[in-house]
Amino acid sequence: MTRLERNERLIKIALFVIACSAVSILAVITIFIFSEGTPIMFKYGLRSFLLGLDWYPSEQSFGLLPMIIGSVMVTFGSLLVGVPFGLACAIFLTEFSSRRLRHILKPIIELLAGIPSVVYGFIGVVILVPFIRETLGGPGLSVLAASIILGIMILPTIISISIDSLQAVPRSYREGSIALGATKWQTTKMVILPAAKSGIIASIILGMGRAIGETMAVIMIAGNAINIPRSVLDPVRTLTSNIALEMGYASGEHRQALFATGVILFIIIMILNTIANATSVKGKAAK
Amino acid sequence: MSIIEVNNLSLFYGNFQALKNINLNVEQQKITALIGPSGCGKSTFLRCLNRMNDLIDDVHITGSVKIASHDIYHNSFDLLGLRKKVGMVFQRPNPFPLSIYDNVVYGLRVHGILDKKIMEEKLKWSLESVHLWAEVKDKLDANALTLSGEQQQRLCIARLAAVEPEVLLMDEPCSALDPISTAKIEDLMYELKKQYTIIIVTHNMQQAARVSEYTGYFLLGDLVEFGETTQIFTSPKDSRTEDYLTGRFG
């Protein structure tokens, strides 16, 4: 064996070991969360966790329903804000703007993804929350505030993945439609969007994953009260906030119940990612 | 009778002149073939006739193109109406990734015809005109991309036929097809010229000789020679045309 071949082998083995350890770290984390979180769920029954309304860890009552509802409301709220704006922006940049403008704006939008979430939360506390309190009433710290800030936070995900999938639509579709006398908007609506559908859905689901997993900004602006909100102006606590707020002082079954919260969050996000992968794979197969 | 009159047409991509003073008249309900080596401006010229070059940045055009006596580059000209009247068939079949039905009625929808009954009549009529009706009438909801390449190309022609154009521009419509499929499309062109004026760009000189009544030879942005196909192929006036046709060049 020459020196070069030996080096090649060594590099291959080293890369294999590194790759394996990356995967195994993830696996260990997963196993750890499940082993910490699931026993208590079975001890008190899955039902009491998923459907219980009361969260009094010191009295062995671990109902997560208000938090599950809180997470779902805030996440869908963020989609109501983020999807229309994000999609409109992606369509404008791919189909209507000049190439120069796109080359300037797309990196800026991607830069938004790099702003720390605490900064978004800070902007929410300083500007958005007082605004909601003064104009719409309520405490200001609310589902609405969290939805708007999260909606802005998921914009980069939705915009950049939607742009990629819109740009992947073959030029020949655009030409075929324009040559039939269609306007750009007709072409976009009737050909480009259906062709890019799977990528756009994937972008929405990934944005959704980001929104449901976001913690810091939500803690700062959602109010964190454990109750089922009656309106979008009421405060809520999400699953992620619940863990972050209480982990610092929790012990014993309280601590295990927070891991159980993590398990539920984990499962929700896994389901979303599976759907995202399935739709984008299906989209590729259709092409 | 000339339906298309091109006068002193020049086209620039930035500083590069891709078409040089083209003068050409296209006869109604005839097939006109444009031949020449790659990159000589045939396709660019074709795309001037339905203003597809508008989609490219930095294109500048001088001279005039009149279709049915209207200057299509005039400011007040109805561009969308032009493209309805002057349909285009592309090099690679480009049906939309929609159902066969949606593909054929696409142009109708675009031009505001939404009546179900009219759409279905036009659907049948246009698919029949390209002899595709029998093959697809039981699977109109199937995705158009499941058809063979040649069926897709016929579907693209049906898609145009549905909006009843007057002129068909064909940009190497057979270059992605095998010889048998090519023969079918050529047969179809013979029938279509009863209704439409056809201009075809082709690399294939035999094809030009077989299907066309008039032929133009492009070289490096110049229209070197234009005339009746039999005359061009048997006694070209320009030595450059002769060199190309006899294979000494190109």
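Naming: A, B, ... by sequence-line order, numbering from 1 per chain.
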* To do: Taking atom CG of B:Asn15 as the centre, report whether more than 12 heavy atoms of other residues, nucleotides or ligands fall under 6.0 Å from it.
  => no
* Considering residues, nucleotides and ligands other than B:Glu128, do more than 12 of their heavy atoms fall under 6.0 Å from its CD? -> yes
* **Heavy-atom pair of closest approach, residues B:Met52 and A:Ile178** => SD-CG2, 4.0 Å
* To do: Considering non-hydrogen atoms only, spot the tightest contact between A:Gly181 and B:Leu80 and give its length.
  => O-CD2, 3.4 Å
* Shortest non-hydrogen separation from B:Phe96 to A:Tyr173 and the atoms involved -> CE2-O, 3.3 Å
* Asked: Is there a side-chain contact between B:Leu98 and A:Pro194, using heavy atoms and a 4.5 Å cut-off?
  -> yes
* **chain A contact via B:Pro165 - which portion, at a heavy-atom distance below 4.5 Å** => neither
* **chain A contact via B:Val86 - side chain, backbone, both or neither, heavy atoms under 4.5 Å** => backbone
* To do: Could you tell me which of B:Pro97, B:Gly81, B:Ala162 has the largest number of non-hydrogen atom pairs under 4.5 Å with chain A?
  => B:Pro97
* **B:Tyr101 atom OH, neighbour heavy-atom count above 12 within 6.0 Å** => yes
* To do: Taking atom OH of B:Tyr73 as the centre, report whether more than 12 heavy atoms of other residues, nucleotides or ligands fall under 6.0 Å from it.
  => yes
* Asked: So does B:His74 have more than 12 non-hydrogen atoms from other groups sitting under 6.0 Å from NE2?
  -> no
* Would you give the length of the straight line joining atom CG of B:Asp102 to atom CE of A:Met190, rounded to the nearest 0.5 angstrom? => 8.0 Å
* Judged by atom type as modelled, is there a donor-acceptor pair below 3.5 Å linking the side chain of B:His111 to the main-chain atoms of A:Ala182? -> no
* To do: Kindly say whether A:Ser172 contributes a backbone atom to a donor-acceptor pair with the side chain of B:Asn94 at under 3.5 angstrom?
  => yes
* To do: Report yes if the side chains of B:Arg83 and A:Leu180 come closer than 4.5 Å at any heavy-atom pair, otherwise no.
  => no
* Just wondering, do B:Tyr106 and A:Ser177 contact through their side chains at under 4.5 Å, heavy atoms? -> yes
* Has B:Arg109 got more than 12 heavy atoms of other residues, nucleotides or ligands less than 6.0 Å from its CZ? -> yes
* Would you give the length of the straight line joining atom CG of B:Asp57 to atom CZ of A:Arg100, rounded to the nearest 0.5 angstrom? => 11.5 Å
* To do: Check whether more than 12 heavy atoms from other residues, nucleotides or ligands sit under 6.0 Å from atom CZ of A:Phe96, and answer yes or no.
  => yes
* Asked: Below 4.0 angstrom, N of the basic side chain to O of the carboxylate: do A:Glu175 and B:Arg47 qualify?
  -> yes
* What's the shortest heavy-atom distance between A:Gly176 and B:Phe90, and which atoms? -> CA-CE1, 3.8 Å
* More than 12 heavy atoms from other groups under 6.0 Å of CZ on A:Phe76 -> no
